[in-house]
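Throughout, protein chains are lettered first and strands after them, A, B, ... in sequence-line order, and every chain is numbered starting at 1. For clarity, every value in this text was computed on a predicted model and none was experimentally measured. Side chains are part of it too, since the values below use all heavy atoms of this structure and drop only hydrogens, waters and symmetry mates.
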Amino acid sequence: MTSSGVDKALSLVRNLPRISFNNLRDSVGKRKPRERCRGRYGGKTHGCGQKGSEQRQAYMRLGHEGGQTPFYMRFSKEPYYKGWHLQREYLPISLHRIQMLIDTGRLNPEEPIDVTQICNTKLFKLDPRKKQYGFQITDEGADCFDAKINLEVQYAPEHVIAAVEKNGGIITTAFYDVMSLQAAVDPEAFFKRGVPIPKRMLPPHDALVQYSDPKQRGYLADPDKIAEERFILSQKYGYELPELSQDPLKDMLLRRKDPRQVFYGLMPGCFVSLRDKKVFAPKDEELKRFYEIN
Amino acid sequence: MARNIFEKSRTILQKASQLIENTMIRPLNRKVSTQIDNQQASSVGIHPAAFELASWQKSVLSPREAWIESLKAENSEEKRIQLLNPTVFAHYPRIDLLFKNVRWQKLYKHVSYANAPVRHEISRSLKKPWPQKGMGKARHGDRRSPIWIGGAKAHGPRGPKTYYHELSFMVRLKGLSTALSMKLAQDDLHIVENLDIDVDDPKAFEEVLDSRLWGPSVLFVDDTDFMPERISLVTDKIPHYNLMPVYGLNVYSMLKHTTLVLTVDAVKRIEERMLYHLNRTNMPNV
């Protein structure tokens with residue numbers, strides 16, 4: 001029988017002298033002797049050279065070649081980072097991981113799963129300030145995915161959508177702008193700021209197509225067209241589309257956010273007081289119009 | 001073929017996740033239905049029943065076992081077994097973590113009062129010792145200079161200096177589990193039912209423990225800080241037998257004492273606290 005490394009290590013330790021203060025040592029390379037500025041090799045000029053601008057600490061700027069056109073100015077620039085600040089990143093999560101989270105009780109399949117729920121597991125670090133606009137679902141574990149969930153992410157390829165819908169689940173791709181995402185990622189910290197819930201902005205031009213596409217289950221797409229695409233996908237991948245109307249979890253599965261909504265059950269413009277356990281909604285007509293509250 | 005492998009790995013992972021869940025003390029979103037023995041219901045260990053795990057997975061997840069002994073005279077009663085969670089009691093022997101913890105425990109309280117006066121702090125005259133020129137002697141401004149005997153120290157210690165620093169939470173946590181694991185692996189860990197003893201004389205008590213070869217120094221740990229009267233009075237006289245509540249458990253004390261004796265309540269509390277901190281996802285900035 002193969003034993004693990006831990007077992008081997010502990011059985012080794014068993015036969016060694018008792019662990020005591022005189023047996024301990026730090027990890028290799030952690031403690032280095034200090035370099036002395038004394039003696040034959042550390043002393044005299046103390047690493048500063050002989051005379052000149054260097055010993056006198058009057059250094060020239062980095063890359064300067066005494067007036068000759070420096071190397072870094074001899075060639076034209078390449079647009080390596082053009083549009084870099086506009087690029088959106090979606091953190092990948094595999095279907096396998098989602099299944100594991102559901103199995104270990106970190107995600108509740110009986111409630112809709114969106115960015116907030118995934119971030120609440122505290123297993124993922126999503127930073128909107130680093131151009132991370134949400135999550136994308138990858139296909140690893142698609143073969144053995146069997147959870148029925150209402151999933152809202154930012155991107156999912158076709159076979160992932162098929163894997164989710166095959167089990168009777170719903171998958172939606174939705175866009176969150178940076179301010180809304182900051183609220184969604186850490187709701188507790190956001191509510192403590194005492195700022196009203198923002199209204200979610202529409203996607204930028206290059207993302208509008210994606211989020212209006214029924215094939216990608218975009219949140220701005222026509223629901224009828226989405227239903228059509230669900231059927232087409234089931235035909236393509238060869239599975240029978242489960243009947244949603246017969247499902248006991250039908251209400252939960254069909255629950256969707258308004259395009260301007262950040263949290264389920266909370267409208268934009270609301271304040272949430274965690275201490276008083278109250279939600280304050282705007283009464284002013286102008287505010288209501290701004291936040292598009294009907 | 002690929003599907004079979006996936007399904008097999010999936011079932012293994014499901015079972016592994018169930019095992020992991022059973023070792024965790026954490027509020028669950030939904031009920032997990034697993035069969036746990038009556039004996040193991042009180043402990044946090046898992047019995048590696050007929051799960052289809054790889055043998056290395058089995059050995060990692062299998063609980064360790066220890067006899068539940070007694071501090072009273074040995075009798076021929078049947079002994080029970082205490083299951084010990086492997087995450088806490090079979091941690092990889094990280095000697096470097098033990099080193100860090102011991103050094104931290106000794107050093108964070110340390111204040112160095114060493115202070116060498118600088119030349120303007122030396123109480124000597126500022127008078128020029130002799131004229132600049134004409135003496136045939138080296139030129140000097142005052143007798144406080146570092147060159148002079150009795151003068152200042154040029155780059156000496158400028159105390160008082162604190163060596164206070166914080167060790168990261170996980171290093172401290174894993175240091176504790178390493179120490180517990182090493183004590184168990186080296187047969188220096190004993191589990192007792194409770195700290196009740198049947199002798200009043202310190203020498204007699206020492207003889208009882210010596211006969212069992214329970215090391216020169218013993219640390220008794222219980223979940224409470226109100227220890228039983230008899231053992232309190234007896235160990236009060238013996239400097240190398242010490243009583244400690246669970247909240248005082250630390251790496252230094254565990255290494256200082258050759259033998260560690262935990263009560264069943266202490267084991268339960270230690271496991272619960274360690275597993276809670278190892279598995280929580282809402283860790284504040286510690």
(message) For B:Arg103, which atoms come within 4.5 Å of any heavy atom of chain A: side chain, backbone, both, or neither?
(response) side chain
(message) Using heavy-atom distances under 4.5 Å, tell me whether B:His257 contacts chain A through its side chain, its backbone, both, or neither.
(response) neither
(request) Heavy atoms only: give me the nearest A:Gly5-B:Tyr92 pair and the separation to one decimal. (result) O-CE1, 4.1 Å
(request) Verify the neighbour count for atom CD of A:Glu35: are there more than 12 heavy atoms of other residues, nucleotides or ligands below 6.0 Å? (result) no
(message) Can you confirm whether A:Lys257 is buried at NZ, in the sense that more than 12 heavy atoms of other residues, nucleotides or ligands lie under 6.0 Å from that atom?
(response) yes
(message) Please give me the minimum heavy-atom distance between A:Arg18 and B:Gln186, naming the atom from each residue.
(response) CA-OE1, 3.6 Å
(message) So A:Ile19 and B:Ile95, do their side chains get closer than 4.5 Å, heavy atoms only?
(response) yes
(message) Within a 6.0 Å radius of atom CD on A:Glu54, are there more than 12 heavy atoms belonging to other residues, nucleotides or ligands?
(response) no
(message) If you count every heavy atom of other residues, nucleotides or ligands that lies below 6.0 Å from B:His110 atom NE2, does the total exceed 12?
(response) yes
(message) What part of A:Asn15 gets within 4.5 angstrom of chain B, counting heavy atoms only: side chain, backbone, both, or neither?
(response) neither
(message) What's the separation between atom CG in A:Asp26 and atom CG in B:Leu97, rounded to the nearest 0.5 Å?
(response) 9.5 Å
(message) So for atom CZ, which belongs to B:Arg158, do other residues, nucleotides or ligands contribute more than 12 heavy atoms lying within a distance under 6.0 Å?
(response) yes
(message) Counting C-beta onward and ignoring hydrogens, is there a side-chain heavy-atom pair between A:Ser27 and B:Lys100 closer than 4.5 Å?
(response) yes
(message) Which heavy atom of A:Leu10 sits nearest to which heavy atom of B:Arg64, and what is that distance?
(response) CD1-NH1, 4.4 Å
(request) Check the surroundings of atom NZ in A:Lys122: do more than 12 heavy atoms from other residues, nucleotides or ligands lie under 6.0 Å from it? (result) yes
(request) Identify which part of A:Leu123 has an atom lying under 4.5 Å from any heavy atom of chain B, answering side chain, backbone, both or neither. (result) side chain
(request) Step through the shown structure and confirm whether more than 12 heavy atoms of other residues, nucleotides or ligands are within 6.0 Å of CE on A:Met179. (result) no
(message) I'd like to know which of B:Val102, B:Thr258, B:Asp187 tops the heavy-atom pair count under 4.5 Å against chain A.
(response) B:Thr258
(request) Would you indicate whether A:Phe271, at its atom CZ, is surrounded by more than 12 heavy atoms from other residues, nucleotides or ligands within a distance under 6.0 Å? (result) yes
(request) Please examine the side chains of B:Thr281 and A:Thr121, heavy atoms only from C-beta on, and report whether any two atoms are closer than 4.5 Å. (result) no
